[in-house]
Colleague: 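Below: one structure in structure tokens.
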Amino acid sequence: MINIGEKLRFIRNEKGFSSSQLENLSGVNQSTITRIETNVQSPSIETLLKICDALEYPIVNLFEDSLDIINLIDTAKKLSPNQRQKITEMIESFITAKQC
């Protein structure tokens, strides 16, 4: 199974971007991008959205593997009710956008 950091690095390389270029496109610090890609740091949803937007890659595609989904659910259980609501709204917006 490929993890999120490895997926992001693969996508970035496929698109031909350096981490410096991705920083300029996403607004996410280059060192943060490197830490995410090397699994030193877990990205926030906001950071993932910025990176995926810059890469023109749907964020939901990062979570295709069922184990990633299980880990995501386990992480979501640790969130406050307000944070879970925000995540739910974000997911619903992806579903709505996909149907268009």
Colleague: Rounded to the nearest 0.5 Å, what separation is found between the CD atom of Gln83 and the CD1 atom of Ile45?
Modeller: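 The CD1 atom of Ile45 is 10.5 Å from CD of Gln83, to the nearest 0.5 Å.
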
Colleague: Between the side chain of Asn13 and the main-chain N/O of Arg9, is any donor-acceptor distance below 3.5 Å?
Modeller: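 Indeed, once roles are kept as given, a pair shorter than 3.5 Å links the two residues.
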
Colleague: Please report the closest heavy-atom contact between Gln30 and Ser19, naming both atoms and the distance.
Modeller: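 Heavy atoms of Gln30 and Ser19 come nearest at NE2-OG, 2.9 Å.
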
Colleague: Where do Leu49 and Met90 land on the side chain to side chain contact (heavy atoms under 4.5 Å, CB included) test, with the steps shown first?
Modeller: CA-CA 10 Å; Leu49 285 169; Met90 181 187 71; 3.7 Å; yes

Colleague: Please step through side chain to side chain contact (heavy atoms under 4.5 Å, CB included) for the pair Leu48 and Ile4, ending with a clear verdict.
Modeller: CA-CA 10 Å; Leu48 278 178; Ile4 298 296; 4.0 Å; yes

Colleague: Using a distance-only test with no angle check, is there a side-chain donor-acceptor pair under 3.5 angstrom linking Thr47 and Ser44?
Modeller: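 The criterion, which ignores hydrogens and geometry beyond distance, is satisfied for Ser44 and Thr47.
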
Colleague: Closest approach of Asn3 and Glu6, non-hydrogen atoms and distance?
Modeller: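 Heavy atoms only, the tightest pair is OD1-N, 2.8 Å.
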
Colleague: Can you check side chain to side chain contact (heavy atoms under 4.5 Å, CB included) on Thr32 and Gln41, steps first, answer last?
Modeller: CA-CA 8 Å; Thr32 300; Gln41 177 179 336; 3.6 Å; yes

Colleague: Please check if the number of heavy atoms outside Glu89 that lie under 6.0 Å from its CD is greater than 12.
Modeller: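 Yes - once you tally the heavy atoms of other residues, nucleotides and ligands closer than 6.0 Å, there are more than 12.
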
Colleague: Mark yes or no for whether Lys7, through its side chain, and Leu62, through its backbone, hold a donor-acceptor pair below 3.5 Å.
Modeller: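 Checked: pair present.
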
Colleague: Taking Arg35 for the side chain and Val40 for the main chain, is one N or O donor matched with an acceptor at less than 3.5 Å?
Modeller: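 Checked: no pair found.
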
Colleague: When rounded to the nearest 0.5 angstrom, what distance separates CG in Leu8 from OH in Tyr57?
Modeller: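 Leu8 CG to Tyr57 OH: 8.5 Å, rounded to 0.5 Å.
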
Colleague: Going by atom types alone, do Ser80 and Asn82 pair a side-chain donor with an acceptor below 3.5 Å?
Modeller: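 Asn82 and Ser80 do not have a side-chain donor-acceptor pair below 3.5 Å.
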
Colleague: Rounded to the nearest 0.5 Å, how far apart are OG of Ser42 and CD1 of Ile36?
Modeller: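 Rounded to the nearest 0.5 Å, the OG-CD1 separation comes out at 8.5 Å.
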
Colleague: Quick one: does any side-chain atom of Arg84 pair with a main-chain N or O of Leu79 as donor and acceptor, under 3.5 Å?
Modeller: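 Judged by distance alone, yes, a pair lies under 3.5 Å.
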
Colleague: Counting only heavy atoms from other residues, nucleotides and ligands, does the tally under 6.0 Å from CD of Glu46 exceed 12?
Modeller: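 No, because the 6.0 Å sphere around CD of Glu46 holds 12 heavy atoms or fewer from other groups.
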
Colleague: To the nearest 0.5 Å, what is the distance between CG (Leu22) and CG (Asn29)?
Modeller: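 Going from CG on Leu22 over to CG on Asn29, the span is 11.0 Å.
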
Colleague: Hey, does the side chain of Thr38 reach the backbone of Thr34 with a donor-acceptor pair shorter than 3.5 angstrom?
Modeller: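 Judged by distance alone, yes, a pair lies under 3.5 Å.
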
Colleague: Does atom NZ of Lys15 have more than 12 heavy-atom neighbours from other groups under 6.0 Å away?
Modeller: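 Counting neighbours around NZ of Lys15, more than 12 heavy atoms of other residues, nucleotides or ligands fall under 6.0 Å, so yes.
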
Colleague: Below 4.5 Å, heavy atoms only, C-beta onward: do Glu37 and Arg12 meet side chain to side chain?
Modeller: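 The answer is yes, as the side chains (C-beta and beyond) meet within the 4.5 Å cut-off.
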
Colleague: Which heavy atom of Ile51 sits nearest a heavy atom of Ile33, and at what distance?
Modeller: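 Answer, listing the atom of Ile51 first, then Ile33: CD1-CG1, 4.4 Å.
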
